[in-house]
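Presented below is the structure to which this report refers.
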Number of protein chains: 4
Amino acid sequence: MTPTRTNRKQQIIRAAKELFAKHGFKGTTTKMLAAKVGVSEATLYKYFTSKEDIYYALLEEKLQNIESYLPTSQKTSIRKTLEEIVVNFLEKNTDDVSFTKICLFAALEQNAYSKNFVQKLRKKLFTHLDKLFENWISEKKIKELEPDLLAKLFFGLLFYTLLLRTIFHDEKFSQYNLQYLAQHIADIFLTGVLNETT
Amino acid sequence: MTPTRTNRKQQIIRAAKELFAKHGFKGTTTKMLAAKVGVSEATLYKYFTSKEDIYYALLEEKLQNIESYLPTSQKTSIRKTLEEIVVNFLEKNTDDVSFTKICLFAALEQNAYSKNFVQKLRKKLFTHLDKLFENWISEKKIKELEPDLLAKLFFGLLFYTLLLRTIFHDEKFSQYNLQYLAQHIADIFLTGVLNETT
Amino acid sequence: MTPTRTNRKQQIIRAAKELFAKHGFKGTTTKMLAAKVGVSEATLYKYFTSKEDIYYALLEEKLQNIESYLPTSQKTSIRKTLEEIVVNFLEKNTDDVSFTKICLFAALEQNAYSKNFVQKLRKKLFTHLDKLFENWISEKKIKELEPDLLAKLFFGLLFYTLLLRTIFHDEKFSQYNLQYLAQHIADIFLTGVLNETT
Amino acid sequence: MTPTRTNRKQQIIRAAKELFAKHGFKGTTTKMLAAKVGVSEATLYKYFTSKEDIYYALLEEKLQNIESYLPTSQKTSIRKTLEEIVVNFLEKNTDDVSFTKICLFAALEQNAYSKNFVQKLRKKLFTHLDKLFENWISEKKIKELEPDLLAKLFFGLLFYTLLLRTIFHDEKFSQYNLQYLAQHIADIFLTGVLNETT
DNA sequence: AATGAATGAGCATTCATTCAT
DNA sequence: TATGAATGAATGCTCATTCAT
């Protein structure tokens, strides 16, 4: 594939990402997409066989390029590790809101392909996180609960925070700096909200 | 409005709820809707002025009828209170998955009306929850953090759990019984995951 | 089905017959068809599910209504019988050229459906003709050849004459009166072209 | 024109012949054609100015190269001559079904050009055949009928036999060997089907 | 000599909506 | 109250064709 050809494909995917995020799959028309890319609708079909094909390419690409929000280096403390996860996750996904939206649309629209995508995505997101909790449990550092339950509940805190910041446009959560949020989320998850004196 | 008229309106809204949940607003056609209700498409327009109108009526109705997941009676312990909230919330929303989906669609589709809806909905959901945490804080029962931050993080645990059970179709989370989930969520939120001995 | 509904369907089929005959299936657009009927394209789809559906309905209807070109009463002579067949066949099909054309298009375009149609049509055309020749053979009135071979060769004379008159626009054949043609065709088929004195 | 250029043109025409025969003019796309030739669509337009142009070139070429099915040498008997015509005609056209189909499509599609083509073709086909019958008539060998009427009716037998074998896929007619068919067709045309004793 | 890239016009089909009855 | 009949505008997609390279 010539470099131009790849570029055009990328252009289309990039434009599609924005539009699908804003209007969903059904809500995005090929006309809108062509206009955004600055080509004719016919041109779209020189690069992709169908609107669905563009959608799939978009999801597929995301699945490949998904960046880990997990710390690369071994952290000394659980707390630091969790804090870094929070910051990483929110940082990466705040910049690319469309991805979050597209994932949610995919989860909601529920055709065979998007179901598969969501499944793969969740696997990718949790494989490493699960392991982290497993290790901590086996090291007796944290309570002996099912590691994936812990991973998912922790992720729930992240995920909902992300939604508050990017989709629900919660004023407060949007203004908090990430460090501050990370500290509180990590703290609550580790030690709970009860007053120590209690 | 005659009772029949009200009934028909209700029938339409009920059918719309299912369809919008399954296919989104754009993905639901008036043809599908009419078929589901068992009337002609023309009849739809005797009761509502447009497809959007049906959507708005649906959201509005939900906003009125939203049932509190908060405990009605004063509970003795925070733990019991939180547990009851978890159980209530999951119970009510598991039965009515379409509502969750419609809310998410509304949040994603982001037109003026749905934005407004999401805002109102969140207000309704959080007003009482916020107060609960405020009280506990003033009673020094829990750490002195911003009450709405606490409320939202706690809600994040609930909400993500709901998504896992109803939209992401997480096998494990779907099988857990609600009591079990409630205990763990409440426990983690209150005391954290760290080993007490640490 | 209300009478109006039937009428519209019939109107569409009638218009389609003309257009498909003139331009073939591919060459006929739904726009042309709608214009000819005097309705919008959308209306076409209230009565038929697709362009193909219209085509099929058209063929199906023809298959039902196909009129026999065979003599109803028992003729005294073979010659009279054949002459009547020629006249009947040419008369019926000259009035309805579109049918001939559509059949030929169907035979040429060769999709699964039209293949089936052509097969059924040929069966309908030949079943009785075959029997006629069988009888004559068993009565020793004509040479002892395979009856269907005879039927088909005789039909070839008819069919080609029809093409000459309706599709190839052969001047002479178009001007001959049917009686004249019938006599010669029957005569040649019965006694051949050789001079009797030879 | 360089020899390569001629070759490419020929390649295109050959591919077009197959495709037009299978799908008709409208049913054949330039994409299909380019793919079959193994070049880009753009290349097609280096050799022909339009899709129609290819079609015309194709017909024109056929018109030039049409091979006579008439016997080259003077045959002793009419019977032998007719038999040879039948065999020749069926042999040549069975091998090249696409030609028959294209001619029929041309006759059906009825635009100015194809009308002209069909006319020329028929002239070519009948000029010599007509003469043959003229001669036989003047030699008093056959009945004194209009020679072109005879020629066309005889041709009808050939033509319908060809259709049965190539387009209608008549099982029996496809299996008969040509010699057998030729004998019967010639015999019937010459002496008729009536029992001699009658 | 060949083609990659592009497209305006058109295709069959569906949409939400209207209106006379 | 309900709907059969209708449609303008749009949808995803394909077509034959052009042109710079």
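Convention: sequence-line order gives letters A, B, ...; per-chain numbering from 1.
Comparing Thr43(A) and Tyr45(C) against DNA chain E, the residue whose closest nucleotide sits nearer the 5' end is Thr43(A). Between Gly38(C) and Met32(A), the residue anchored closer to the 5' end of DNA chain F is Gly38(C), taking for each the nucleotide with the nearest heavy atom. Comparing Thr29(A) and Val39(C) by the nucleotide of DNA chain F that holds the closest heavy atom to each, the one mapping nearer the 5' end is Val39(C). Both Lys46(C) and Glu41(A) lie near DNA chain E, and the one whose nearest nucleotide falls closer to the 5' end is Glu41(A).
Taking the centre and axis of the six-membered ring of Phe99(B), the NZ or CZ atom of Lys17(B) falls outside the cone set by 45° and 6.0 Å.
In Lys124(C), the NZ atom is crowded: over 12 heavy atoms of neighbouring residues, nucleotides or ligands sit closer than 6.0 Å.
Remark: dA20(E) base-pairs with dT3(F). Criterion, Watson-Crick or G-U wobble with two distances under 3.5 Å. Pair assignment for dC13(F): dG10(E), on the basis of Watson-Crick or G-U wobble contacts that are both within less than 3.5 Å.
Nucleotide dC15(F) holds its C1' atom 12 Å from the CZ atom of Phe25(D), rounded to whole Å. Rounding to whole angstrom units, CG of residue Leu44(A) and P of dA5(E) are separated by 15 Å. One can place CD1 of Ile12(D) at 13 Å from P of dT17(F), the figure rounded to the nearest angstrom. Note: OH (Tyr55(C)) to P (dA12(E)) measures 15 Å, nearest angstrom.
Side-chain N or O atoms of Lys101(D) include none that pairs as donor or acceptor with a backbone N or O of Leu108(C) at under 3.5 Å.
Closest to the Thr30(A) side chain, of the nucleotides dG4(F), dG12(F), dT18(F), is dG12(F).
For Ser40(C) and dG8(F), the shortest distance from a side-chain N or O to OP1 or OP2 is not below 4.0 Å. One finds no side-chain N or O of Arg8(C) lying less than 4.0 angstrom from the OP1 or OP2 phosphate oxygen of dG4(F).
Residues Tyr55(D) and Phe20(D) bring their aromatic ring centres within 6.0 Å.
Using a 4.0 Å heavy-atom criterion, one finds that Tyr47(B) contacts the sugar-phosphate atoms exclusively.
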